[in-house]
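First the proteins, then the strands, lettered A, B, ... as listed; each starts at 1. Model, not experiment: these values are computed from the prediction.
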Amino acid sequence: MKCMGKSCLNHVRLCSLFNTQCIKTRHFISTSTSKTGASTSIEEFTALCSKGHVKEAFKSFRSEIWSDTSLFCHLVQACILRKSLPMGKQLHSLTITSGCLNKFFSNHLLSMYSKLRESQTAITLFDHMPWRNIMSCNIMINCYVQSGDLDSARNVFDEMPQRNVATWNAMVSGLIQFEFNGDGLCLFSEMHELGFLPDEYTLGSVLRGCAGLRSLRAGKQVHAYVMKSGFKFDLVVGSSLAHMYMKSGSLEEGEKVIDSMPIRNVVAWNTLIAGKAQSGHPEEVLDNYNIMKLAGLRPDKITFVSVISSCSDLATLGQGQQTHAEAIKAGACSVVDLTSTLVSMYSRCGCLEDSVKVFVESESMDPVLWSSMIAAYGFHGRGEEAIKLFERMEEEGMEADDVAFLSLLYACSHCGLREKGLEFFDLMVGRYGLKPRREHYACIVDLLSRYGCLEEAEAMIRSMPIKADAIIWKILLAACKIHKNADVASRVAEEVLKVDPQDSASYVLLSNVHASAKRWEDVSAVRKMMRDKNLKKEPGVSWVEIKNQVHQFSRGDRSHPKSKEIDLYLNELTTEMKFRGYAPNTSAVLHDMDVEEKEDSLAHHSEKLAIAFALMNTPGGVPLRIMKNLRVCEDCHLAIKYISETKNREIIVRDSSRFHHFRNGGCSCGDYW
DNA sequence: CTAGGGTTAG
C-alpha cells in the first residue's frame with residue numbers, strides 16, 4: 001500500500017511536468033493497482049534491476065517505464081548501486097532510441113553519470129540539453145566540483161537565470177571542500193543578502209569553512225543564527241559547530257555544544273574525541289572513549305584513529321595494544337588510515353618491530369602509510385632502513401610527497417647522514433619540484449648543525465625564502481650547546497629572543513652553552529635576565545607505564561607514594577655505577593652550586609626516578625620503556641648506559657625528539673642526538 | 001547538496 005501511494009505521488013508530479021501523458025498515466029494507475037498483474041511484475045522488474053539486467057528489465061516494462069518515474073528511478077539506482085557505467089550507458093541509449101529523452105529523465109541520467117564519476121559524459125549530456133533547469137544546473141555544479149573543476153562549476157552557477165538554496169549550497173560547499181574557505185563564506189553572505197534562507201546543509205558547509213579559517217568571529221555569528229533557526233538540534237549542524245570551535249582553539253565551547261546535544265551519535269563523539277586528540281589532551285581522549293563505550297555507542301574507524309594516536313602521544317603501549325585489539329574485533333583494521341596510525345603508535349611507544357609487522361601485513365601502496373614507516377625508522381635512529389624504504393617507494397612508483405621527504409630528512413638528520421640528507425633535499429626541490437616548507441628547512445638546519453656545521457646552518461637560515469621562527473633558531477642553539485660554540489650561540493640566542501622574547505628554554509640553552517664554555521659571568525647574566533622576566537625553566541617530566549598504570553615523575557618530586565624507597569634505591573644504584581666508573585657530568589647544571597649539590601640535583605632528574613621505580617617494580621629481563629618531555633641530558637644519557645649494564649636491562653627512552661635504546665652499556669643513538 | 005579521522009621539524 002505504501003508503495004502504491006508513493007507511485008501515485010510520482011504520477012501527480014509527472015503529470016504536472018508533461019500534460020500530454022496524463023491520460024496514459026491514468027490508465028497505468030488503474031492497471032497497476034489491480035492486485036495480481038502489476039505488483040508481481042514490479043517485483044520481477046526490480047529483481048532484474050538488482051541483477052543488473054537493464055535490457056530485460058526495460059523490455060518487461062517497455063510501455064510503463066516512460067510513464068512511471070519510479071520505475072525509471074529503479075533502473076538508474078540499479079546502475080549506481082552496481083557502479084556499472086556500461087549498464088548506465090545502455091539505459092541512456094535506450095532512452096534516446098525510444099525517443100523519450102525528456103527533461104525529467106535526462107536529469108536522472110545526469111545525476112547518475114555524476115555519481116558514477118563519469119563527468120565527461122555528464123558534461124556532454126548537459127551541453128546538449130535543450131531543457132536545462134535549476135535541477136540540472138545544480139547536478140552539474142556538483143559534478144564539476146567533485147572532479148575538482150571549480151571554475152566550470154562557477155560558470156554554470158553564474159549563468160543560471162534562477163537559483164534555489166540547493167544551488168547556493170552546492171557552490172558554497174564546493175568552494176569550502178577545496179579550502180577556498182574565504183570565497184565560500186563570501187558567497188554565503190551574498191546568498192544571505194539576497195534573501196535565501198540557509199538550511200542545515202548551508203550551515204554545515206559554512207561552519208566547516210569557519211573551521212578551516214580558524215575564524216571564531218565568523219563561527220560565532222553562524223552559531224547565533226543556528227540558535228535562532230530551527231537547526232539547533234540537528235546532528236550535523238551540532239557536530240560541525242563543535243568542530244568549528246575546537247579547530248579554532250576553543251575546546252571548552254566545543255565541548256559545551258556537544259554536551260547540549262540531546263542525542264549524540266558516533267560522529268558527535270568522534271568530533272569531541274578528535275578535537276581533544278588534536279589539541280593535545282590525550283588523557284581526556286581515553287576518558288571520553290570509555291564514556292562513549294559505556295553510553296552504548298560503537299566506536300568506528302575514526303574513533304580508533306583518534307584514540308590510537310593519543311596512545312602514541314602518551315606512549316602508553318598497553319592501552320595502545322588493547323585499543324588495537326578492539327579495532328580488530330570491530331573489523332576496522334583493514335583500513336589503511338588506521339594502519340598508518342598503528343605504525344606510528346607502535347614506533348612512538350618504542351616497539352619498532354610491531355610497526356614493521358603492521359606495515360608488512362598491510363602492504364598497501366599508500367604514501368601516508370609509507371611515510372609513517374619511514375618516520376618510524378627515523379625515530380629509532382635507523383637511517384639506512386628509512387632510506388631503503390624511500391627508494392623502494394620510488395621503485396614501486398608511488399609519488400613521494402612533502403611529508404615523505406620530511407620523514408626522510410628527519411631520519412637522515414638523526415643518524416648523522418649529512419651528505420644523504422642534502423642529496424635528498426636537492427632531489428625534492430629539483431626532480432620532484434616540491435617547495436620546501438619551514439619544516440623541511442628545520443630538518444636541514446638540524447642536519448647541518450648537529451653535524452657541527454654551525455656556520456653553514458646559520459647561513460641556511462639567513463638565506464632561506466621563509467621567515468625563520470623561534471623553533472628553527474632553537475635547533476641551531478641546541479647544536480651550539482652540543483658543540484660548545486658560545487660565539488655562534490650568543491648570536492643565535494639574540495635571534496631567538498627577537499622572535500620569541502618569552503622563550504625560557506632558549507635562556508636555559510644559552511646559559512648551558514656559556515656554562516660548558518666556563519663563561520660564568522655570562523651564565524649569571526642570562527640567569528638574571530630570566531629572573532627579571534620572571535621566566536622559569538620548563539620542568540622535566542618522565543613517565544612509565546607499569547601494569548597499565550602510568551606513573552609520572554618530575555625532578556626532585558617527592559610526591560610519589562614510594563618516593564622514599566626510590567631515593568634509597570637510586571642512591572645504592574649510583575654507588576654501584578660509580579664503582580663501575582660512572583662520573584656524573586655536571587657541566588649542564590645551571591645553578592651555582594657546589595659539586596655535591598650539583599650531583600644531587602642530577603641524581604633526581606625525572607628520568608632517573610622513573611627508571612629506578614620501573615626497576616623496582618618489574619621482574620628482571622623485562623625491557624623498560626621510559627618517556628620524557630624534554631631531551632635527555634648528557635648526564636642522564638651517560639648514567640642510563642651504566643644502568644643498563646649494571647642491571648643487565650634493556651632500557652628504551654623516548655625523549656622529545658627520538659628514541660634511545662640502551663643495552664649493555666651502549667646506546668643505539670651512538671651518542672649522536 | 002550535509003558532519004568526524006591517518007603520516008610530518010623541536
Length of the [atom1]-[atom2] vector between [X] and [N], whole Å:
| X | N | atom1 | atom2 | value |
| --- | --- | --- | --- | --- |
| A:Phe304 | B:dG6 | CZ | C1' | 15 Å |
| A:Glu439 | B:dA9 | CD | C1' | 6 Å |
| A:Tyr441 | B:dA9 | OH | P | 18 Å |
| A:Ile444 | B:dG10 | CD1 | P | 12 Å |
| A:His440 | B:dG10 | NE2 | P | 13 Å |
| A:Tyr377 | B:dT8 | OH | P | 15 Å |
| A:His243 | B:dA3 | NE2 | C1' | 9 Å |
| A:Leu448 | B:dG10 | CG | P | 14 Å |

Does the pair A:Ser114 and A:Gln146 meet the rule for a side chain to side chain donor-acceptor pair (under 3.5 Å), with working shown?
-> CA-CA 8 Å; A:Ser114 169; A:Gln146 69 170 347; 3.2 Å; yes
Taking only the side-chain heavy atoms of [X] (C-beta and beyond), determine which of [options] contains the nearest atom.
| X | options | answer |
| --- | --- | --- |
| A:Ala442 | B:dA9, B:dG10, B:dT8 | B:dA9 |
| A:Ala166 | B:dG6, B:dG10, B:dC1 | B:dC1 |
| A:Asn169 | B:dT7, B:dA3, B:dC1 | B:dC1 |
| A:Asn265 | B:dA3, B:dT7, B:dC1 | B:dA3 |
| A:Glu200 | B:dA3, B:dA9, B:dT2 | B:dT2 |
| A:His414 | B:dT8, B:dA9, B:dG6 | B:dA9 |
| A:Arg631 | B:dT8, B:dC1, B:dG10 | B:dG10 |

With sugar-phosphate meaning primed atoms plus P, OP1 and OP2, does [X] contact a base, only sugar-phosphate, or nothing at under 4.0 Å between heavy atoms?
| X | answer |
| --- | --- |
| A:Ala170 | nothing |
| A:Val266 | base |
| A:Arg348 | sugar-phosphate |
| A:Asp402 | nothing |
| A:Ser205 | nothing |
| A:Val336 | base |
| A:Arg264 | nothing |
| A:Ser240 | sugar-phosphate |
| A:Ile273 | nothing |

Start with the C-alpha gap between A:Phe359 and A:Leu389, add the side-chain angles, then the distance that decides, and say whether side-chain contact (heavy atoms from CB on, under 4.5 Å) holds.
-> CA-CA 11 Å; A:Phe359 176 76; A:Leu389 204 61; 4.1 Å; yes
Is a donor-acceptor contact shorter than 3.5 angstrom present between the side chain of [X] and the base of [N]?
| X | N | value |
| --- | --- | --- |
| A:Thr341 | B:dG6 | no |
| A:Asp234 | B:dA3 | no |
| A:Arg437 | B:dT8 | yes |

Who pairs with A:Ser310 by side-chain hydrogen bond (donor to acceptor under 3.5 Å, both in side chains), at least two apart in sequence or on another chain?
->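 In terms of side-chain hydrogen bond (donor to acceptor under 3.5 Å, both in side chains), with neighbours along the sequence ignored, A:Ser310 is linked to no residue.
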Taking 4.0 angstrom as the limit, do [X] and [Y] come out as a salt bridge?
| X | Y | answer |
| --- | --- | --- |
| A:Lys388 | A:Glu385 | no |
| A:Lys220 | A:Glu253 | no |
| A:Arg264 | A:Asp259 | yes |

Under the criteria of a ring-centre distance below 5.5 Å and an interplanar angle below 30°, is A:Tyr201 stacked with the base of B:dC1?
->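 Stacking between A:Tyr201 and B:dC1: present.
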Sorted by number, residues from residues 359-372 of chain A placing a heavy atom under 4.0 Å from DNA chain B are A:Asp366, A:Val368, A:Ser371, A:Ser372
Between A:Tyr245 and A:His223: side-chain donor-acceptor atoms closer than 3.5 Å |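 Yes.
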Going by atom types only, do A:Ser152 and A:Asn155 share a side-chain donor-acceptor pair under 3.5 Å?
->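 The answer is no; no qualifying pair exists.
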Mark yes or no for whether A:His483, through its side chain, and A:Arg450, through its backbone, hold a donor-acceptor pair below 3.5 Å.
->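 Yes; at least one donor-acceptor contact below 3.5 Å.
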Using atom types as modelled and distance alone, determine if a side-chain donor or acceptor of A:Ser344 lies under 3.5 Å from a backbone N or O of A:Ser340.
->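 Flag not set: sc A:Ser344 to bb A:Ser340 has no pair under 3.5 Å.
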Is any side-chain N or O of [X] closer than 4.0 Å to OP1 or OP2 of [N]?
| X | N | result |
| --- | --- | --- |
| A:Thr339 | B:dT7 | no |
| A:Arg163 | B:dC1 | no |
| A:Gln278 | B:dG6 | yes |

